[in-house]
Amino acid sequence: MAKEVAVIGVGQSSFVRGYEGSIRELAFEAFREAMQDAGITAKDVDASVFCSAPEYDKQRSPAGVLAEYLGLIPQPTFYIETVCSSSSSGVKVGYSMIKAGLHDVVVVLGFQKMSEITSAESQERMGRGADIQWEAPFGTMMPAYYALYAQAYMANNGLTHDDLMNVRIKSGTYGQINERAVYRKGVKASDFDSSNPDARMAGAVAWPLRVGDACANADGSSCIILANAEKAKAFSKKPVWILGIGAASEAVNMAARPDFSKGLSVGYNAAEQAYKMAGITAKDVKVAEVHDCFTIAEIMAYEGLGFAPMGEGKQLIREKATYKEGRIPVNVDGGLLSKGHPIGATGGSQMRTIVLQLRGEAGPMQVPGEPDIGLVHNVGGVGLYGNVTIFGR
Amino acid sequence: MGFDKFGRKSFTGMTKTAKFVDFLNEGKIEGTVCKQCGAKYFPPRSDCAACLSKDMDWFDMPKKGTLETFTTAYYAPFGFEKDCPYTMGVVDFGNNLKLFARVAGDLKPEDVKVGMDVSIKPLTYEDGQVSFEIIRA
Ligand SMILES: [Zn+2]
């Protein structure tokens, strides 16, 4: 595993409902933290990459606007989009720019102000989130797509509603102790009990998925600063190296998808590449962040990443193996479910969590045993895009 | 007739596969097959990604398949609210042919099961929109 490109600074805004500021001010929150973390100034930055899901942005071509606000002009800047995996795609591009020798230090900034548009506008756009020619005319939406996978898992793999609920309870455990999370409340089984009139999470959304199975929308930003080996050693006492990157794509239309009871192909395809590049296996991973946009997505990720055999992801949550003290801690920052999912900022936020874990700076969320290898799994759309990135000290 | 007639609500009016809508009006659900290499596509495509041919023919989709998975939507995107709840699913016909559609409204959610034998048929809505749906075999 070559140590050629490092993360030298990480930052993220608090993830909130209805951020009271513009997208440039939101971007500044993550940028400021990452630059102070790296201990560098704008003149040390050679290029910037901005990432978001443009259907939520009112500003067209935001890269130039944000680069100016962050003081990153006249350096080159541009924009990357793969919906919910935009910022991990941005990091892949930043890595490539450095590896190619074009630049020494690259800022990757993911942002999303989901509240930029009204909820009616948002709903209308959600309907166009997948194949607008052949699927949206049936009235599809994100929860329905993930519900197709959940249904197949329940029918073929013995997955139960309790398993999904227990994923949500786990994320609630860590959302409570993550001061940057949008959902700070704990989650109890009674929240999913439909006989309980106060149950917050029991209502059906797209059966078998319920309100509590879905992640929390949020406004937020994240920032990852990448550097080549020479600059990393000069600037950083604790560089965290990118050891492996995998990325994959899949058919947008459900009619062209492989077996639904084996989860998202982008997960296992990207993981295979990333493990190979890093020269490690799933057993070497000490802490992971996976794309739990819905509870079922976390179960599928366990299997796609090789933490559990195909069809056996449910066992990890039953055995509490993915809790902080477990065999393979997953999403101990609350994940998308509780920390929140500001689309374009999510991948960078997952990476920040893993970098802090590997540096031993994750505070109350710190995984014991001084983890040396961490993994980020970030999915765009309904498994349309997937990035797996492996980090090491 | 344009493609804007397809589905409960169409989001795009123009495609070279718009003849699909004419077939639905004739009671047929058609996919496309490449005349050069024989690759079959559903939903239909006017171009073959396997061999780069633009020479495509139509073929009748099979009528017998199994329901691979499904979901019942209790919330709907803008413009579909009146239909709630509605069930959508994926039919597997074998030989790498699958289809995504709504399940017919007369099938109650509790009667829909993964693995059940199903068929498909064209459908005309009261406002003249056309589509296809999954029915009990
Ligand atoms: Zn062909």
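The chains referred to below are lettered A, B, ... by the order of the sequence lines, with proteins before strands, and numbering in each begins at 1.
- Separating the CH2 atom in A:W134 from the CZ atom in B:F11 is a distance of 14.5 Å, to the nearest 0.5 Å.
- Here the shortest heavy-atom pairing between A:N253 and B:P43 reads ND2-CG, 3.4 Å.
- In terms of non-hydrogen atom pairs under 4.5 Å with chain A, the most contact-rich of B:D83, B:T17, B:T12, B:T72 is B:T72.
- Heavy-atom distances place the backbone of A:P258, and not its side chain, under 4.5 Å from chain B.
- Applying the 6.0 Å contact sphere to NZ of B:K54 captures no more than 12 heavy atoms from other residues, nucleotides or ligands.
- With a 6.0 Å radius and a threshold of 12 heavy atoms from other residues, nucleotides or ligands, B:K63 has its NZ atom above the threshold.
- Using modelled atom types, one side-chain atom of B:Y86 and one backbone atom of A:G139 make a donor-acceptor pair closer than 3.5 Å.
- Of the inter-residue distances, the one linking A:Y145 atom OH with B:M88 atom CE reads 7.5 Å to the nearest 0.5 angstrom.
- By the neighbour-count criterion of 12 heavy atoms within 6.0 Å, atom CZ of B:F23 is densely surrounded, having more than that number from other residues, nucleotides or ligands.
- With contacts defined as side-chain heavy-atom distances shorter than 4.5 Å, the pair A:D259/B:E68 qualifies.
- Contact of B:P44 with chain A is made through backbone and side chain together, with heavy-atom distances under 4.5 Å.
- If you measure heavy-atom distances from B:F132 to chain A, the contacts under 4.5 Å come from both the backbone and the side chain.
- Here the OG1-CE distance, from B:T69 to A:M254, works out to 10.5 Å after rounding to the nearest 0.5 Å.
- Annotation: A:E55, atom CD; neighbour count of heavy atoms from other residues, nucleotides and ligands within 6.0 Å is above 12.
- Contact record, A:F138 with B:S131: CE2-OG, 3.3 Å, taken as the closest heavy-atom pair.
- By the neighbour-count criterion of 12 heavy atoms within 6.0 Å, atom NZ of A:K262 is sparsely surrounded, having that number or fewer from other residues, nucleotides or ligands.
- Among the candidates A:R257, A:E135, A:M154, A:Q151, the residue making the largest number of heavy-atom pairs closer than 4.5 Å to chain B is A:Q151.
- Within residues 200-211 of chain A, the residues that have a heavy atom under 4.5 Å from a heavy atom of chain B are A:A204, A:V205, A:A206, A:W207, listed by number.
- Using non-hydrogen atoms only and a strict 4.5 Å limit, the part of residues 94-127 of chain B facing chain A consists of B:K98, B:L99, B:F100, B:A101, B:R102, B:V114.
- Within 6.0 Å of atom NZ in B:K64, 12 or fewer heavy atoms from other residues, nucleotides or ligands are found, so the atom counts as exposed in its surroundings.
- Comparing A:A155, A:P143, A:A144 by how many heavy-atom pairs each has under 4.5 Å with chain B, the most go to A:A144.
- Interface remark: of the candidates B:F42, B:Y41, B:F6, B:F6 forms the most heavy-atom pairs closer than 4.5 Å to chain A.
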